[in-house]
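The next block holds one structure in the form of structure tokens; read it before the comments.
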Amino acid sequence: MADSLPRMIPSFTPAHRGGAGPPLVCVHGFTDTWRTWDLALPMLERHHDVLALTLPGHAGGPPLAEDAGIDAIAGAVERAMDEAGFETAHVVGNSLGGYLALHLAARGRARSVVALAPAGGWAEGDASFEETVTHFTTMQESLRLAAPHAEAIAATEEGRRRATQAFATNVDHIPPELIVHLMWGAANCDAVGPMIEHARVDGWSLEAERITCPVRIVWGTEDQLLPWPSAAARYRDDWLPQADWVELEGIGHCPQLEIPLETAHLITGFTQRSS
């Protein structure tokens with residue numbers, strides 16, 4: 001947590017566990033926390049023993065190791081699964097979490113994967129990766145200034161819209177308290193610099209040939225962070241063209257926040273088919 005930030009900060013916890021049934025691991029996106037799944041959890045927990053965790057270097061999560069690469073982050077998720085007693089699990093992830101979910105599948109830890117707008121799918125040579133990186137850097141700088149006023153921002157319809165415009169198109173149902181949490185979480189994400197630098201050096205790769213479990217990929221057509229279909233190019237054309245593809249018309253980057261019930265149905269319907 002940056003020392004320059006005021007201490008009027010919501011509480012952050014490393015993980016949530018609840019529900020009963022086959023194990024399901026929920027992995028959030030870059031700068032987010034496990035609470036991005038808040039609105040979908042009640043439905044998911046009717047069908048699954050759910051572990052929603054916060055990644056290293058993110059608010060409430062374990063400290064980021066010196067190695068900020070995807071293999072190290074995936075290893076941290078595996079350790080959390082081990083501690084939960086999950087040898088394998090269904091895995092759902094959003095954005096960076098979707099990319100991690102696919103890496104877990106390549107490591108043999110996933111029974112199935114539902115990836116919501118997974119990161120890393122830019123075509124080789126696509127310069128929009130740098131635009132995405134710049135977004136996260138400037139976003140965090142802005143949020144460090146805005147976070148102390150998060151409650152006032154989330155108290156108005158216009159404030160909530162502006163605070164969520166990068167990842168959702170419909171936010172009327174998202175509780176203001178959750179928006180405050182997400183703002184503070186992103187402002188306090190220590191992983192931004194190290195993980196961006198690592199991605200710039202190492203790029204994005206996936207041993208797709210090692211993925212043997214069923215995969216569903218879900219993408220909103222109004223995604224502003226990872227625009228459809230260009231940000232999905234390598235998944236569609238190279239890595240996972242055989243996946244079960246679902247387009248969500250008019251939905252943004254985080255369907256678990258924007259349409260939580262429909263998203264939960266997309267997850268549980270697929271996990272039940274894959275069991």
Side-chain angles (χ1 to χ4, degrees), residues 1-16 25-38 51-81 83 93-101 103-104 117-120 129-151 153-154 163-164 166-167 177-204 225-226 253-254 256-257:
M1 183 181 302
D3 291 338
S4 60
L5 286 171
R7 296 299 189 239
M8 311 156 24
I9 303 174
S11 62
F12 294 98
T13 53
H16 166 86
V25 175
C26 299
V27 190
H28 63 77
F30 193 39
T31 75
D32 216 334
T33 77
W34 70 260
R35 287 199 60 196
T36 192
W37 305 104
D38 258 15
L51 173 65
L53 52 84
T54 297
L55 295 172
H58 292 67
L64 189 68
E66 185 175 343
D67 182 356
I70 199 68
D71 286 338
I73 304 299
V77 178
E78 286 195 271
R79 288 191 294 276
M81 291 176 65
E83 292 170 4
N94 175 224
S95 198
L96 171 65
Y99 182 61
L100 280 164
H103 274 263
L104 291 169
F129 163 66
E130 280 298 328
E131 296 175 11
T132 305
V133 166
T134 299
H135 161 79
F136 279 107
T137 302
T138 57
M139 174 215 52
Q140 187 175 55
E141 292 171 354
S142 297
L143 282 175
R144 287 182 181 276
L145 297 174
H149 313 287
E151 290 188 9
I153 292 170
T164 59
F167 59 81
E177 178 273 332
L178 181 54
I179 293 175
V180 170
H181 174 96
L182 296 173
M183 291 176 67
W184 272 109
N188 281 275
C189 180
D190 294 331
V192 170
M195 289 192 70
I196 285 175
E197 183 58 30
H198 205 286
R200 279 179 166 146
V201 173
D202 283 4
W204 302 81
L225 281 177
L226 299 178
H253 186 61
C254 295
Q256 72 275 12
L257 287 168

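For the numbers below, each heavy atom of this structure counts, side chains included, while hydrogens, waters and symmetry mates do not. Numbering starts at 1 and runs along the sequence shown.
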Item checked: Contacts of E151 that satisfy side-chain hydrogen bond (donor to acceptor under 3.5 Å, both in side chains) - sequence neighbours left out -> none
Notebook entry, point to check: Under the side-chain hydrogen bond (donor to acceptor under 3.5 Å, both in side chains) test, which residues partner T13, sequence neighbours left out?
Noted result: W34
Checklist line | side chain to side chain contact (heavy atoms under 4.5 Å, CB included) partners of A191, counting only residues at least two apart | finding: F30, H58, L64, C189, M195
Next item on the list: Check side chain to side chain contact (heavy atoms under 4.5 Å, CB included) between A154 and all other residues, then give those that pass, not counting sequence neighbours.
Entry: R160, P176, I179, V180
Quick one: pull up [atom1] in [X] and [atom2] in [Y] and give me the separation to the nearest 0.5 Å.
{"X": "T54", "Y": "H28", "atom1": "OG1", "atom2": "NE2", "result": "4.5 Å"}
{"X": "L182", "Y": "D32", "atom1": "CG", "atom2": "CG", "result": "5.5 Å"}
{"X": "M81", "Y": "L51", "atom1": "CE", "atom2": "CG", "result": "8.5 Å"}
{"X": "E78", "Y": "L104", "atom1": "CD", "atom2": "CG", "result": "6.0 Å"}
{"X": "M139", "Y": "R144", "atom1": "CE", "atom2": "CZ", "result": "10.0 Å"}
{"X": "D190", "Y": "Q140", "atom1": "CG", "atom2": "CD", "result": "8.0 Å"}

With a 4.5 Å cut-off on side-chain heavy atoms, are [Y] and [X] touching?
{"X": "F12", "Y": "R35", "result": "no"}
{"X": "D202", "Y": "I70", "result": "no"}
{"X": "L257", "Y": "T164", "result": "no"}

Checklist line | Sequence neighbours excluded - salt bridge (charged side-chain N to carboxylate O under 4.0 Å, His left out) pairs with any residue from residues 57-75 | finding: D71-R107
Next item on the list: Answer yes or no: is there a donor N or O on one side and an acceptor on the other, between the side chain of N94 and the main chain of C26, under 3.5 Å?
Entry: no
Check: With distance as the sole test, does T138 use its side chain to make a donor-acceptor pair with the main-chain N or O of H135 at under 3.5 Å?
Finding: yes
Heavy atoms only: give me the nearest [X]-[Y] pair and the separation to one decimal.
{"X": "A59", "Y": "N188", "answer": "CB-CB, 4.3 Å"}
{"X": "G93", "Y": "A101", "answer": "N-CB, 4.4 Å"}
{"X": "M183", "Y": "A163", "answer": "SD-CB, 4.0 Å"}
{"X": "A52", "Y": "W37", "answer": "CB-CD1, 4.3 Å"}
{"X": "A150", "Y": "W184", "answer": "CB-NE1, 4.1 Å"}
{"X": "L226", "Y": "P118", "answer": "CD1-O, 3.9 Å"}

Margin query: V133 vs R200, test: side chain to side chain contact (heavy atoms under 4.5 Å, CB included). Steps then yes/no.
Written below: CA-CA 9 Å; V133 166; R200 279 179 166 146; 3.2 Å; yes
Next item on the list: Kindly write out the residues that satisfy ring pair (Phe, Tyr, Trp, His ring centres under 6.0 Å) with F167, not counting sequence neighbours, or none if the list is empty.
Entry: none
